[in-house]
Structures are given as C-alpha cells and as structure tokens.
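The analysis underlying the following values was restricted to heavy atoms, covering all of them including side chains, and did not include hydrogens, waters or symmetry mates. Note that this is a predicted model, so its numbers are computed, not measured.
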Amino acid sequence: MNDGERGARRGAEPTAGPRRADARRNKENLLDAAAAIFVTAGVEAPVRDIAAEAGVGTATIYRHFPTRADLIIAVYRHQVEACAEAGPVLLAQGPTAHAALGRWIDLFVDFLVTKHGLAAVLQSDAAGFGALHAYFLDRLVPVCTRLLDAAAAAGEIRSDLAAYELMRGVGNLCIGADSDARYDARRLTRLLVAGLRVPAAG
C-alpha cells in the first residue's frame, strides 16, 4: 500500500462510524414507525402507511425488510428490547416503584397488541415463533420481576405475585383488543395494577 492509499483509508475511517450510527438510527426510527402503525392498524397495515409514518419511501422499507414477516419479527424484537430497557429507567425516574410498574405495563400492553398478529404471519414456522417467545420471556420476565420486587420492598403492593403470572394475566386481558374498538385493554390492565396495592391500614 502506498502513502496515498494509506491516506485515503485514514480519511475514510472517521466517517464510517457516524455513517453506521446514522443507518442504525434510521432503522430504529423505521421500526418505531412500524410499531406505531401496527398498534393502531394491525400487522397487515399497508407498507405505504408505515413509510409515510417513518418519512421514507416504500423502497427503503423493502430494502431493510424484504417480506412482511421480516418486518414484523424485527418490530417484535425491537419492542422487546425497548420494554426491557425501559424497566430500569422507569424505576429510576418514577415517583414510586408502583408508578413505574404501571407505566411499564402500559408499554407492555402496546407490545402485546402488536404481538397478537405475529402468530398468523408465522403460522408456517412454529420453531421460529417458539424461539421468539422464548426470547420474549428471557428478556422481559426478569425486568417485570425487578419492578414487582421494588414495589413489594417499598410496601406498595402484595409480595406473592410472580412476574410471569402478572404478564400472563395482562396478556389475557389484551386478547381481542386490536379488533374491538369498544374494548380498552389498557384501562383494564391499569385496574389490575391498581388492585395490586396493599390496602391502607384503617
């Protein structure tokens, strides 16, 4: 390699990192837009609506995600990570551990409404769906456990509820929420979380 080539390579290196970071942010923005559309319109929403929400062309979406299943799986994993990362942040910033738990359950409900369309899309890939479900449990059960333990330690809620049990209950309350405009799953789950409180001594 001559000096000119070395200089050219050195000149290219500083831009590679920012370019990758920009591409990652753009992809995350696209996934956020898709998740928002899926929550309101379901996983069969037109790609053009997702593109409009993200402010990109449909070709950009197809370049990243050649099939709808690719996009839905990416949104699923993106939302799992967002829920997992939000737990500690909400716990640190919330006025109480119980309030942090309630806000986290709201995020979890949004995720579940999106998730309910996944089975139909992946019905021919039971192994793939099973792997995603295992990933979901591995990432989110510990986060919910931490929130419950903090609220119980603060004396705000009863201490005999397991995270999986609560998440399963919330999931059952969300069934059908994406197809019935008269049903508000978030309202029901908020009542559930409120019901975890330890009764005031009186």
Side-chain angles (χ1 to χ4, degrees), residues 20-21 23-45 47 50 53-54 60-92 94 97 100-151 161-179 185-186 189 192-193:
R20 281 195 295 270
R24 185 167 58 251
R25 277 193 297 272
N26 291 339
K27 189 172 182 179
E28 289 176 353
N29 289 339
L30 196 160
L31 291 171
D32 285 337
I37 293 294
F38 287 168
V39 167
T40 58
V43 296
E44 296 299 329
V47 171
I50 298 170
E53 177 76 15
T60 299
I61 295 180
Y62 285 121
R63 184 167 64 249
H64 287 292
F65 311 105
T67 70
R68 182 174 294 273
D70 292 332
L71 175 60
I72 293 171
I73 291 169
V75 169
Y76 180 97
R77 297 181 71 91
H78 180 65
Q79 287 191 292
V80 167
E81 289 305 315
C83 277
E85 293 168 5
V89 174
L90 292 172
L91 197 55
L101 174 65
R103 291 180 62 192
W104 188 82
I105 291 295
D106 279 347
L107 294 176
F108 186 54
V109 168
D110 283 346
F111 163 73
L112 290 176
V113 172
T114 303
K115 173 179 177 288
H116 283 152
L118 187 66
V121 175
L122 296 181
Q123 58 186 345
S124 62
D125 183 12
F129 185 75
L132 281 175
H133 185 65
Y135 162 74
F136 153 80
L137 292 177
D138 288 345
R139 290 294 284 135
L140 297 188
V141 169
V143 176
C144 187
T145 297
R146 180 175 174 184
L147 288 160
L148 284 173
D149 287 349
L161 183 66
Y164 178 81
E165 185 180 11
L166 175 61
M167 291 167 63
R168 181 70 181 267
V170 170
N172 288 339
L173 288 174
C174 289
I175 294 174
D178 55 342
S179 59
R186 180 172 285 186
T189 56
L192 172 62
V193 173

Are I105 and L166 close enough that some pair of their side-chain heavy atoms sits under 4.5 Å apart? yes

Those residues that, when tested against R25, pass side-chain hydrogen bond (donor to acceptor under 3.5 Å, both in side chains) (two or more places apart): D22

Approximate separation, where rounding is to 0.5 Å, of L101 CG and D149 CG: 11.0 Å

What's the separation between atom CG in L140 and atom CZ in F111, rounded to the nearest 0.5 Å? 6.5 Å

Establish, from distance only, whether the side-chain atoms of D70 and H64 form a donor-acceptor pair under 3.5 Å. no

With a sphere of 6.0 Å drawn around OH of Y135, does it hold more than 12 non-hydrogen atoms of other residues, nucleotides or ligands? yes

Validation row: N26, T60 side chains within 4.5 angstrom (heavy atoms): no

The reported gap from CD in E28 to NE2 in H78 (rounded to nearest 0.5 angstrom) is 6.0 Å

When rounded to the nearest 0.5 angstrom, what is the spacing between CZ in F136 and CD in Q79? 11.5 Å

I'd like to check L112 versus L173 (side-chain heavy atoms, cut-off strictly below 4.5 Å). Are they in contact? no

Test: salt bridge (Lys or Arg N to Asp or Glu O under 4.0 Å). Region: residues 103-113. Which pairs qualify, not counting sequence neighbours? D106-R186, D106-R190, D110-R186

Does the side chain of L31 come within less than 4.5 Å of F65's, by heavy atoms? yes

If you look at every heavy atom in L147 and A100, which pair is closest and at what distance? CD2-CB, 4.1 Å

Do Y76 and V43 touch side chain to side chain, with heavy atoms closer than 4.5 Å? no

Hey, could you give me the CZ/CG distance between R146 and L148, rounded to the nearest 0.5 Å? 12.5 Å

Taking atom CG of L192 and atom CG of N172, what is their separation to the nearest 0.5 Å? 10.5 Å

Would you say L71 and F38 make side-chain contact, with heavy atoms under 4.5 Å? yes

Atom of A97, atom of A150 and distance for their closest heavy-atom approach: CB-C, 3.7 Å

Are the side chains of W104 and L91 in contact, using a 4.5 Å heavy-atom criterion? no

Can you tell me if R68 uses its side chain to pair, donor with acceptor, with the backbone of A45 under 3.5 Å? yes

